[in-house]
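Presented below is the structure to which this report refers.
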Amino acid sequence: MDPAPALTASSRALRRRLPRAFYARGACSLARDLLGRILVVGEEAGGLLAARIVEVEAYRGPGDRAAHSAGGRRTPRNETMWGEAGRLYVYRIYGLHHCANLVAARPGRPEAVLLRGLDPLLGRERMALRRGRPPGDPALARGPGNLARALGLDLGDDGLDLAGGGRLWVADLPPHRPEPRRRSPRIGVDYAGEDALRPWRFYLAGAAGVSGPAALRR
DNA sequence: CTCGCGATTCGCT
DNA sequence: GCGAATCGCGAGG
């Protein structure tokens with residue numbers, strides 16, 4: 001099954017980006033709606049990378065203890081979360097990986113959606129090169145750290161505007177999700193107490209780019 | 001200024 | 001399943 005028929009034939013469609021209004025809502029709503037949509041990166045040489053979003057997590061404002069904005073925290077690192085919707089929030093984790101989020105909500109609501117898994121559609125070779133893996137690896141963009149590396153995202157991309165002229169955006173195309181949509185608690189947030197149990201992870205069941213233990217990928 | 005730790009990944013046991 | 005890698009953030013003194 002071809003997950004995105006005719007996409008390779010028409011980069012025109014891929015170049016149309018979703019407007020800021022698409023991002024300006026609660027993180028959970030945005031997260032669900034992002035599933036099955038196409039994330040696009042404009043490469044230096046003018047080519048495009050494209051991948052289908054198959055796993056995301058919602059992080060909600062001050063009341064969510066798992067979020068960087070928990071308790072209303074506003075610091076240099078998470079400043080982008082407090083800015084306008086439709087921007088990219090990138091931070092470094094464990095000193096060696098990066099995580100990429102799409103800023104949601106507004107105004108004054110520091111919410112974001114963490115990108116956790118993609119199925120590569122275009123530019124698989126480029127992603128494989130960045131990852132130091134074979135192009136056939138189904139896990140090229142599986143997991144937030146791997147995803148950021150595959151797309152070449154780092155701290156220099158923090159604040160990038162998806163709805164404006166940034167080099168990354170979500171294509172203005174209908175979502176393609178033949179797989180069932182599922183939800184589960186978020187991964188890696190055990191420190192968040194009761195908020196760790198909130199089912200704010202969303203994924204397409206069985207898609208190749210979904211991360212986590214096998215039980216949480218189906 | 002010090003110090004604990006993280007929205008992770010990979011390799012080894 | 002466990003631990004190392006690796007460093008800036010952010011809370012507290």
Side-chain angles (χ1 to χ4, degrees), chain A residues 23 26-32 34-35 39 51 53-83 85 87-105 109-118 120 127-134 136-160 168 182-203 208-217:
Chain A
Y23 303 94
C28 282
S29 168
L30 176 61
R32 282 191 297 265
L34 281 169
L35 286 180
L39 189 67
I53 300 171
V54 297
E55 183 190 359
V56 292
E57 282 176 357
Y59 287 83
R60 306 185 69 181
D64 179 6
R65 290 174 58 194
H68 289 170
S69 53
R73 227 164 46 217
R74 183 170 184 167
T75 67
R77 178 179 64 158
N78 73 3
E79 183 58 30
T80 300
M81 278 190 85
W82 292 84
R87 288 191 181 262
L88 189 71
Y89 169 45
V90 181
Y91 63 90
R92 188 188 281 281
I93 185 70
Y94 295 108
L96 58 162
H97 302 294
H98 295 278
C99 291
N101 305 254
L102 307 191
V103 176
R109 307 218 61 96
E111 305 195 11
V113 175
L114 171 67
L115 300 172
R116 289 196 58 95
L118 306 175
M127 299 186 211
L129 206 60
R130 286 192 174 118
R131 290 267 288 116
R133 313 286 300 189
D137 188 342
L140 282 181
R142 176 193 296 170
N146 292 335
L147 183 157
R149 178 170 285 283
L151 300 187
L153 301 174
D154 59 27
L155 291 182
D157 296 297
D158 181 45
L160 180 158
L168 176 108
R182 300 260 164 75
R183 63 192 297 168
S184 82
R186 294 169 292 183
I187 293 176
V189 296
D190 294 344
Y191 58 85
E194 300 194 350
D195 287 332
L197 302 177
R198 298 183 181 279
W200 291 346
R201 169 177 178 260
F202 304 92
Y203 62 101
V210 178
S211 72
L216 289 179
R217 301 174 52 191

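Every chain is numbered from 1, with letters handed out A, B, ... down the list of sequences.
In this structure, the nucleotide among B:dT8, C:dG10, B:dC10 sitting nearest to the side chain of A:P76 is C:dG10. Nearest nucleotide to the side chain of A:R131, out of B:dT8, C:dT6, B:dC10: B:dC10. Nearest nucleotide to the side chain of A:C99, out of C:dC9, B:dA7, B:dC10: B:dA7. The side chain of A:N146 approaches B:dT9 more closely than any other nucleotide in the set C:dG10, B:dA7, B:dT9. The side chain of A:P144 lies closest to B:dT9, out of B:dT9, C:dG10, C:dT6.
A salt bridge links A:E57 with A:R116: the closest approach of a Lys/Arg side-chain nitrogen to an acidic carboxylate oxygen falls below 4.0 angstrom. Taking 4.0 Å as the cut-off between side-chain N and carboxylate O, A:D137 and A:R133 count as a salt-bridged pair.
The closest donor-acceptor contact from the side chain of A:W82 to the backbone of A:R73 lies under 3.5 Å. Checked by atom type and distance alone, the side chain of A:Y91 never pairs as donor or acceptor with a backbone atom of A:C99 at under 3.5 Å.
Only the C1' atoms considered, C:dG8 is 22 Å distant from B:dC10, to the nearest whole Å.
In this structure, A:Y94 forms no aromatic stack with the base of C:dA5, since the conditions of centre separation below 5.5 Å and plane angle below 30° are not both met.
The partner of B:dA7, taking Watson-Crick or G-U wobble pairs whose two distances both stay under 3.5 Å, does not exist in any strand shown.
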